[in-house]
Each structure stands twice: as C-alpha cells, then as structure tokens.
Amino acid sequence: MDSNVKLDEVVMRFGDFTAIERTSLEIASGEFFSFLGPSGCGKTTILNMISGFLRPSEGQVWIGGEPMAGVPVNRRPTAMIFQNLALFPLMTVFENIEFGLEVRGVDKRKRREVSERLLALVALEGSGSKLVTELSGGQKQRIAIARALAVEPRVLLLDEPLSALDLKLRQHMRAELKAIQRKTGITFIYITHDQGEALTMSDRVAVMSAGRIQQVADPMTLYRSPRTGFVASFVGENNRLEVKVIDREGERVRLDGGALGSLMGRAGDDVVLANGQAAALYIRPEHLRPLGDGDSGPRLETTIEAVHFEGAWLMLETRLEASGEKLRVQLGSELAKRAAQALEPGRQIDFGFDPEEAVVLPDDGSPMVDEATGEVLEVAPGGNAKVGGEHVPSA
Amino acid sequence: MFRQLSERFGRPVAMAILTLLGMWLMVMVTLPQLQMIDYSFRPNLLPAQLGGPEDVWTLSNYVTLFNNEIHRAIFFKTLWSSVLVTLLTLVVSYPLAYYLAKVATPRQAALCILLLIIPFWINEILRTYSWFIILAFRGPLNEILLALGLIDRPIRFLSGDGGVMVGMVYAYILFMVFPLYNAIESLDDNQIRAARDLGAGNVRTHWRIVIPHAKPGIATGCIMTFMLAAGSYAVPALLGSPGSRWFTQIIYNWFFEGGNWNQGAAYAFLLLVLCIGFMSLVMKFFKVGLGDIAK
Ligand SMILES: Nc1ncnc2c1ncn2[C@@H]1O[C@H](COP(=O)(O)OP(=O)(O)O)[C@@H](O)[C@H]1O
Ligand SMILES: [Mg+2]
C-alpha cells in the first residue's frame with residue numbers, strides 16, 4: 001500500500017486525560033478515509049495531530065514518507081476544512097481562495113488562473129468578486145473546499161464539514177465531495193459522527209469510541225462484520241441478544257439463547273469464542289422475517305408494541321415473549337403487505353432470521369442504548385452520555 | 001427610545017427619565033460649551049465695559065494664534081507629538097492585547113489585567129510623578145544603566161519630549177489595550193488557525209487576519225489615546241522641560257495667569273476642532289463609522 005499518512009504509535013494526552021489511546025494506522029494515497037464516532041471520542045484531536053495544531057504526546061505522524069515532528073502547521077502538506085469553515089469574512093471569494101497562494105508568493109495572474117479553475121471545479125464560476133458573507137451555506141462550503149485545494153495539499157482534512165447544512169444539502173454535498181475527491185485524486189481524511197456520511201463516501205472507515213479505534217474496514221465489511229459490540233450497535237441498527245456459545249464449526253456458531261431456545265449465528269475466523277462463553281448475538285432489524293406456522297428453524301416469538309410507517313418500509317417495535325427484551329424489526333413494503341392483517345399493536349408474531357446475517361461477538365459489556373430512541377449512547381470521556389449519529393436505512 | 005422605555009416602565013417614568021437626561025445634557029454639557037464658544041468670539045474686556053459698545057463678536061482671539069509664531073509651533077508640536085504618543089501606545093498595546101485575548105489562559109489573562117489596572121487606582125498626578133523620579137538625572141533608571149555599564153554618564157531623559165512620551169504612553173495605555181483586547185477577543189480562533197494552515201507565518205496572519213478584524217478597536221483606541229494626549233495637562237506639566245510645552249499649558253496660562261478667558265476659550269476651541277478633525281481622519285483611514293466605535 002502506497003502510504004500517504006501514517007500514525008505510528010500515536011498517543012495524545014491532555015494533562016491526566018488520555019484523549020487518544022495508542023494508535024497506529026496507515027492511510028493510502030488517494031484514499032477517502034473517514035473517522036466515525038460519537039462526539040467527544042477524539043476525532044478532531046486526531047485531525048489536529050495530522051495538521052500539526054497538536055503535537056502527539058507519544059509516537060509520530062508521517063505524511064508522504066516524511067516524519068512530521070517539528071514541522072509547523074504552515075509547512076505541512078495538509079489543508080483543513082474547519083467545522084465552521086472559517087472563511088475570511090473581510091475578503092472576497094477570490095481573495096479567500098488565493099490566500100494560500102499569496103502566502104507562497106505566487107504572482108497575481110497565476111493566482112487568478114488557479115482560483116478561476118477551482119471555482120469551476122466547485123461549480124461557482126462568476127462568484128469570485130462576491131464577499132463570502134453574501135453566499136449561501138452550500139456555496140460557502142464549496143469555497144472552503146476550493147480554498148483548501150488551492151494550496152495543492154497531499155491530504156485534505158475535513159472536520160464534520162457538512163454538519164451545519166440542512167439535510168437535503170448535506171446529501172447533495174456528499175455526492176459532490178466524493179466527486180471532487182475522485183477528480184483531484186487527493187487523499188481525503190474525513191471526520192464525522194454521521195454514519196450515513198461515512199458509509200456512503202468512504203473507501204475505508206475507522207470507527208472510534210472513547211479515544212480508541214474499534215475497527216478499520218470498508219463500509220460493507222463494517223456493516224456486515226462488525227468486530228466489536230460498539231461497532232455493531234453504532235453502525236446501523238442492531239438487536240442485541242445475550243447468549244452462550246455451545247460450539248462452533250467454522251464460521252457457524254451454535255448458541256444457547258436461554259429462554260429463547262437454541263439459536264445460530266456467524267462469527268469471523270479471527271473472533272475467538274470458547275465453548276460455554278457468554279456472547280452477544282446481533283441481528284439487524286431488516287434481517288428479521290415473519291415466520292408462518294410451518295416454517296422451521298429458530299423462532300423468536302414476539303408481541304407487537306408499536307408500528308411505524310416509514311414510507312419505503314415499516315418499523316415494528318416488539319417485545320420477546322420469552323425474555324421480555326425489545327426487538328426492532330424492519331419490514332420492506334412487500335413483506336409488510338403480505339403480513340398486513342397481523343401488524344397491529346398487541347398482535348403476536350414470530351420472526352426468524354438467516355444465521356449468515358446474525359453476528360456473534362464475545363460479550364464485551366452491553367453498550368448503552370437510549371430506550372426511547374434506540375440510539376446508541378456512549379459515556380463520553382467527559383462523563384456525559386452523548387447520542388450517536390442518525391441511523392441509515394439499509395439498502 | 002421613548003417607546004422602549006415606556007413599554008418597560010410606563011409613560012410617566014419614561015417621560016421623567018428622558019427629561020432628566022435631556023436636562024443633564026443641556027446643563028452639564030451643551031450650555032458650558034456654548035458659553036465657551038461665545039467667550040471665544042468676544043474681546044477681553046473689563047467688567048465695566050461688558051455690554052458696552054466694544055462688546056461685539058470678533059475673530060481677534062483666533063487671529064492671535066496665527067500671529068504668534070511660538071504658540072503656533074506649540075500647537076503643531078502638540079498635534080504631532082500626540083500622534084506619536086498614539087502610535088507608540090498602539091505598538092506597545094497590540095502585542096499585549098493579542099497575548100491577553102488569544103494566547104494567555106484565562107487565569108494568566110485575569111492576573112495580567114489586574115496588574116495593569118492596579119496602578120490606575122492611584123491618582124494620575126502621583127503616577128506621573130513616579131516617572132519623574134524614575135527618569136530623574138540622578139534617578140534609579142540612570143543608576144541601573146550606569147551599574148550595568150550600558151552608559152558612561154547619566155542621560156537627561158527629562159529634557160526634550162522623551163519624558164512626556166513615556167509618561168503619556170504609560171498614562172493612557174489602558175485606553176488602547178482594552179478596545180484592542182475586545183476587538184481581538186471577538187475573532188474566531190479558527191480564522192487564525194485557517195490562515196496558518198494555509199501556510200501563513202506569524203506576520204502575515206496578523207497583517208491579513210487579526211489586524212483587519214481588530215480595525216474598529218484600533219480606531220477606538222487611537223482616537224481615545226490621541227484625545228487624552230492632546231488634552232493632557234498633568235503629564236507635560238510634570239515631565240516636560242521648558243522646551244516641550246504642550247498646547248494645554250498655554251490654554252491654562254491664558255485662563256489662570258493671563259486672566260484672559262476669551263483668549264483661552266478660543267485656544268481651547270481650536271484644540272477641540274483639532275481633535276474632532278483627527279478623529280474623522282482616523283475613522284476615514286480605517287473606514288469605520290461611529291457605530292463601529294461605540295460597539
Ligand atoms: N485542548 C484540550 N484540552 C483538554 N481536553 C481536550 C482538548 N481538546 C480536546 N479535549 C478532550 O478530548 C476529547 C476528544 O475531543 P475531540 O477530539 O474534540 O472529540 P470529537 O472531535 O470526536 O468530538 C474530549 O473529551 C475533549 O474534551
Ligand atoms: Mg470534533
């Protein structure tokens with residue numbers, strides 16, 4: 001892998017508080033790499049170490065094969081898009097974009113050429129003479145990108161750049177950012193607490209929690225094969241059932257669900273599970289299917305508590321009869337139509353699932369889940385529980 | 001204003017407040033000024049001649065300044081020296097204000113501001129006099145410099161304008177530091193970080209980002225310092241040498257030694273015009289309005 005940014009045994013402490021636990025990571029040239037995690041987990045801190053605003057307490061950051069220790073912010077081959085954009089309000093759009101070139105002593109004509117080209121890239125031709133205060137939110141966003149690209153960075157660092165935009169614009173800008181990244185071939189390091197953004201744009205995602213990287217993988221793997229309970233609950237939505245391992249055969253694991261009877265699930269080769277060990281079985285709401293009387297296999301008997309119509313799908317809140325635990329079920333419109341008459345609060349309904357789609361992980365403590373919303377809560381290092389990102393509808 | 005006040009306190013109270021405010025402005029501010037202007041356009045007469053045939057409006061008091069070469073020189077020197085004091089105070093205050101607003105931790109900033117303010121609990125005359133002692137020919141500063149071997153014989157700090165400059169920068173520094181501090185404080189830290197991230201060094205970050213943002217504060221500080229310097233009496237009286245007389249001293253002399261209030265009033269009015277002229281010039285130069293300064 002042609003490594004562009006490398007974190008080598010990096011640790012960041014603020015006084016007694018360790019914001020980033022020992023971390024090593026390589027990000028390839030031209031990769032769209034995201035850090036995803038709830039707020040306060042240390043994402044901005046990592047970005048600040050790469051850009052040079054923070055010096056790691058231990059370890060070293062490398063960029064383009066060069067160690068960055070002692071290289072100040074203004075000499076690093078990085079450019080940052082700030083959470084609040086930090087455009088210069090007293091300057092025109094041209095002056096903003098050309099600021100980095102002006103600093104480098106590029107002459108005026110050349111500067112104007114570059115800024116015209118970048119304005120075209122972000123589809124804002126002709127607004128160069130405007131003041132940035134005259135632009136809309138989405139336009140400011142693009143100017144911030146153009147300003148950062150003007151200095152031809154090896155790495156573009158983006159700190160939750162879309163969080164200030166409304167939903168429509170945010171989704172539009174996702175596609176735009178991805179397109180700009182493809183066109184320019186620059187490494188993007190993207191920070192977000194919104195898993196939708198991370199999953200749709202990234203080549204790879206690092207999921208973080210409390211200063212620790214939980215898993216680094218491509219979005220599909222992250223979604224299909226989470227490595228920790230935190231990832232399973234934070235990325236997408238998951239039902240979590242407490243089980244005991246009976247035995248495993250390759251990836252297949254036979255489980256004792258207690259009152260739920262015997263269950264089956266899948267575990268990756270590198271997930272270590274001992275027979276008899278306490279474990280957790282994660283089943284996504286969209287992988288649960290209503291069972292008829294004749295169907296065989298594991299059967300989860302539930303009572304419907306609430307039905308939410310979401311347009312393309314139905315979300316059912318049910319309770320397991322055997323254990324009293326909650327189970328959320330998402331039914332596509334086809335399934336919902338077939339089972340229509342049975343879908344009312346108070347009705348009983350049984351669900352089954354494909355063991356291939358149910359992930360078994362060692363029991364690493366139950367992540368806190370908000371009872372009301374089903375959002376994953378995490379105790380942030382500061383001590384306050386913070387709510388995780390919005391949930392993505394599954395494909 | 002009346003509407004806001006009456007919504008809050010009711011009509012009678014609002015009326016009372018505004019009447020008091022208006023009377024205050026009339027009696028304490030406007031009338032005395034008008035009286036002075038009136039004085040300045042009348043000849044200096046004996047009490048018996050007041051209201052007599054010679055008590056007419058005239059420009060003669062203003063003409064005096066143009067005919068008196070020494071007074072004219074002192075007038076322009078006061079102008080020039082006050083500009084210099086203002087610039088000097090700005091140069092000293094800017095790094096301090098930046099440090100307080102953006103570098104210091106809240107604790108350090110609080111401590112620093114306290115240290116800046118404490119001396120101002122002491123009367124201005126006493127503070128100025130302490131500089132007289134420090135800068136004296138046989139004073140501690142000369143002693144220290146001699147002891148360190150930096151100079152061979154004591155320097156006469158208090159001859160010429162040097163002492164006055166030092167004294168004024170010290171006396172008026174807070175009036176520069178606080179407007180600057182307020183202006184710089186309100187700058188988003190990310191602006192500074194973004195400039196550095198795009199490759200700007202320290203000087204350019206200040207020149208292109210911090211100073212333009214702080215412009216209203218700089219203008220406010222400059223105007224206040226200039227007005228105080230141009231109108232200062234105690235500092236030049238104590239720290240000045242015979243050769244560094246300030247225009248205020250001449251005004252004082254007309255009033256209290258020459259006993260010519262009309263002449264004094266004309267000189268005072270000219271100083272006021274000078275200050276207003278300087279203020280509008282600064283505002284024009286910094287492209288700020290009165291509204292920005294009052295913020
Ligand atoms: N300069 C600092 N001094 C002390 N603590 C800090 C500092 N910067 C960040 N932290 C702490 O480090 C943790 C991670 O912060 P941050 O990286 O900003 O999180 P995120 O960007 O993921 O929301 C937080 O608990 C925050 O309070
Ligand atoms: Mg952050």
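A, B, ... follow the sequence lines: proteins, then strands. Residue 1 opens every chain.
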Taking ring-ring contact (aromatic ring centres under 6.0 Å, His included) as the definition, give me every residue that meets it alongside F94(A), ordered by chain and number, with sequence neighbours left out.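 Checked F94(A) against ring-ring contact (aromatic ring centres under 6.0 Å, His included); zero matches.
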
Going by the rule ring-ring contact (aromatic ring centres under 6.0 Å, His included), which residues pair with F278(B) if we only count those two or more places apart in sequence or in a different chain?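 F278(B) satisfies ring-ring contact (aromatic ring centres under 6.0 Å, His included) with F226(B) once adjacent residues are dropped.
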
Do other residues, nucleotides or ligands put more than 12 heavy atoms under 6.0 Å from F178(B) CZ?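 Yes, CZ of F178(B) has more than 12 neighbouring heavy atoms, counting only those of other groups under 6.0 Å.
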
For atom CZ of F120(B), decide whether the heavy atoms of other residues, nucleotides or ligands shown that lie under 6.0 angstrom number more than 12.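 For F120(B), atom CZ is crowded (more than 12 foreign heavy atoms under 6.0 Å).
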
Chain A and chain B: which donor-acceptor pairs fall below 3.5 Å?
unit_1	atom_1	unit_2	atom_2	d
N48(A)	OD1	R193(B)	NH2	3.3
N74(A)	ND2	A200(B)	O	3.4
M80(A)	N	D197(B)	OD2	2.6
N84(A)	OD1	N190(B)	ND2	3.0
N84(A)	ND2	D188(B)	OD2	2.8
L87(A)	O	Q191(B)	NE2	2.6
E102(A)	OE1	R208(B)	NH2	2.9
E102(A)	OE2	R208(B)	NE	2.8
R104(A)	NH1	L198(B)	O	2.7

Chain B heavy atoms under 4.5 Å from F88(A): which part of the residue, side chain, backbone, both or neither?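 Both backbone and side chain.
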
Residues forming a salt bridge (Lys or Arg N to Asp or Glu O under 4.0 Å) with K178(A), sequence neighbours excluded: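 Partners of K178(A) by the salt bridge (Lys or Arg N to Asp or Glu O under 4.0 Å) criterion, ordered by chain and then number, come out as D203(A).
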
Would you mind telling me which of V73(A), L90(A), V103(A) has the largest number of heavy-atom pairs within less than 4.5 Å of chain B?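 Going by pairs under 4.5 Å, I would pick V103(A).
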
Do you know which of V151(A), L85(A), L87(A) has the most heavy-atom pairs under 4.5 Å to chain B?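 Among the listed options, the one with the most contacts to chain B is L87(A).
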
